[in-house]
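I have placed the structure first, in the form of structure tokens, so that the comments after it can refer back to it.
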Amino acid sequence: MSQALRKVPENVWNEGEELEVLTFDIAGETFALEAVRVREILDLLPETTVPGAKAFVGSVLNFRGRVIPLADIRLAFGMEATKPTIDSRIIVIEFDIEGEANLIGIRTDKVNEVTTLAKTSSELPPSVGMKWRPDFISCLVKRGSDFIILPNLQAIFSTPHDS
């Protein structure tokens, strides 16, 4: 299907022309998650490695008395794992997996801001030349001379990943 005919999924925009998001950095790229999914932004917490788990969600942490998985989506995108810095944070989101609401921590290099993105500035990732799996990206949103990546969490969390 040609790029001109492919459309950004409507469900990304929640019946509106704008989307309120939290932006964050991973490996020099700017990503965004719908602000309504975000439950909390945390400084790094002690994490427990889960033996035999995939590296992408290889540990858990204690979030307000609940054990939740900690995802490093950089690994899902094939980026190298990095050491945390003083700016590293964990974004706790609520996300439905197979119809069940789950809390998941996402490790980031830096949390930036809550902002509004315009639907008119969005487009699907190109089919050719991407270094990441295009199905892991809901859309790209142009802001100034940069792109903000909206990850497709449903695809990322429902796809088996290599260790």
Side-chain angles (χ1 to χ4, degrees), residues 1 6-27 29-82 84 88-109 111 114 116-117 119 122-127 130-141 147-163:
M1 182 180 282
R6 293 172 42 206
K7 291 186 177 180
V8 174
E10 288 297 321
N11 61 347
V12 170
W13 298 100
N14 295 333
E15 303 176 15
E17 296 297 314
E18 293 185 331
L19 185 65
E20 189 174 36
V21 298
L22 174 68
T23 62
F24 58 95
D25 294 343
I26 294 178
E29 302 287 347
T30 301
F31 288 80
L33 295 171
E34 297 166 81
V36 297
R37 289 187 190 275
V38 177
R39 294 296 161 250
E40 198 159 334
I41 299 167
L42 306 170
D43 289 333
L44 295 180
L45 297 171
E47 50 188 88
T48 302
T49 301
V50 178
K54 301 290 185 183
F56 163 65
V57 283
S59 58
V60 294
L61 54 91
N62 180 344
F63 174 69
R64 303 200 181 281
R66 289 180 63 178
V67 176
I68 66 169
L70 180 59
D72 192 344
I73 63 173
R74 86 182 68 240
L75 300 177
F77 280 100
M79 300 174 187
E80 289 188 28
T82 60
S88 297
R89 297 290 181 270
I90 296 169
I91 302 172
V92 178
I93 62 168
E94 187 171 313
F95 183 68
D96 282 352
I97 299 175
E98 297 179 7
E100 183 179 326
N102 290 274
L103 291 176
I104 300 169
I106 297 179
R107 186 181 291 121
T108 69
D109 294 338
V111 172
V114 174
T116 303
L117 301 178
K119 181 178 183 178
S122 70
E123 58 185 70
L124 287 173
S127 300
M130 287 291 297
K131 59 183 173 182
W132 305 318
R133 290 180 50 166
D135 59 322
F136 282 4
I137 301 172
S138 290
C139 66
L140 301 173
V141 180
F147 283 99
I148 296 174
I149 302 158
L150 272 74
N152 182 338
L153 296 178
Q154 194 66 49
I156 291 169
F157 286 109
S158 63
T159 301
H161 299 272
D162 294 331
S163 295

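Worth saying up front: this structure is predicted, and the values here are computed from it rather than measured.
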Quick one: are Trp132 and Met79 in side-chain contact, heavy atoms under 4.5 Å?
yes
Quick one: are Phe63 and Leu42 in side-chain contact, heavy atoms under 4.5 Å?
yes
Where Asp43 and Ile90 come nearest, the two heavy atoms and their spacing:
O-CD1, 4.3 Å
Looking only at heavy atoms, the pair that brings Ala27 and Arg74 closest together is N-NH1, 3.9 Å
Spatial distance of atom CD (Glu18) from atom OG (Ser122) [nearest 0.5 Å]:
12.0 Å
Any side-chain heavy-atom pair of Leu33 and Pro151 under 4.5 Å:
yes
All heavy atoms of Phe24 vs all of Ile26, minimum pair found to be CE1-CD1, 3.6 Å
Intermediate values then yes/no, side-chain contact (heavy atoms from CB on, under 4.5 Å), Arg107 and Leu70
CA-CA 7 Å; Arg107 186 181 291 121; Leu70 180 59; 3.1 Å; yes
Ring-plane angle category for Phe56 and Phe157, please: parallel below 30°, perpendicular beyond 60°, tilted otherwise.
tilted
Would you call Ile41 and Thr108 a side-chain contact if the rule is heavy atoms closer than 4.5 Å?
no
Say you draw a straight line from CG of Asp25 to CZ of Phe31; how long is it, rounded to the nearest 0.5 Å?
9.5 Å
Just one of Arg39, Arg37, Arg66 clears the salt bridge (Lys or Arg N to Asp or Glu O under 4.0 Å) bar with Glu94, so which one?
Arg39
Any idea which heavy atoms bring Leu75 and Ala55 closest together, and the distance?
CD1-O, 3.4 Å
Do Leu45 and Asn62 have side chains that get closer than 4.5 Å, going by heavy atoms?
no
Verify the distance criterion only: is there a donor paired with an acceptor across the side chains of Asp109 and Ser88 at less than 3.5 Å?
no
Heavy-atom closest pair (Asp96 atom, Ala101 atom, distance to 0.1 Å) is OD1-CA, 3.3 Å
Give, for atom CD1 of Ile148 and atom OG1 of Thr23, the distance between the pair rounded to the nearest 0.5 Å.
6.0 Å
Of the non-hydrogen atoms in Arg133 and Asp135, which two are nearest, and what is the gap between them?
NH2-OD2, 2.7 Å
Between atom CD1 of Ile156 and atom OG of Ser138, what is the distance when rounded to the nearest 0.5 Å?
8.0 Å
Hey, which of Asn152, Ile149, Ile137, Leu150 is the one that makes side chain to side chain contact (heavy atoms under 4.5 Å, CB included) with Pro125?
Ile137
Identified side chain to side chain contact (heavy atoms under 4.5 Å, CB included) counterpart of Ile68 within the set Val60, Leu61, Ile104:
Leu61
Is there a side-chain contact between Ile93 and Leu153, using heavy atoms and a 4.5 Å cut-off?
yes
Would you say the side chain of Glu34 lies within less than 4.5 Å of the side chain of Leu19, judging by non-hydrogen atoms?
yes
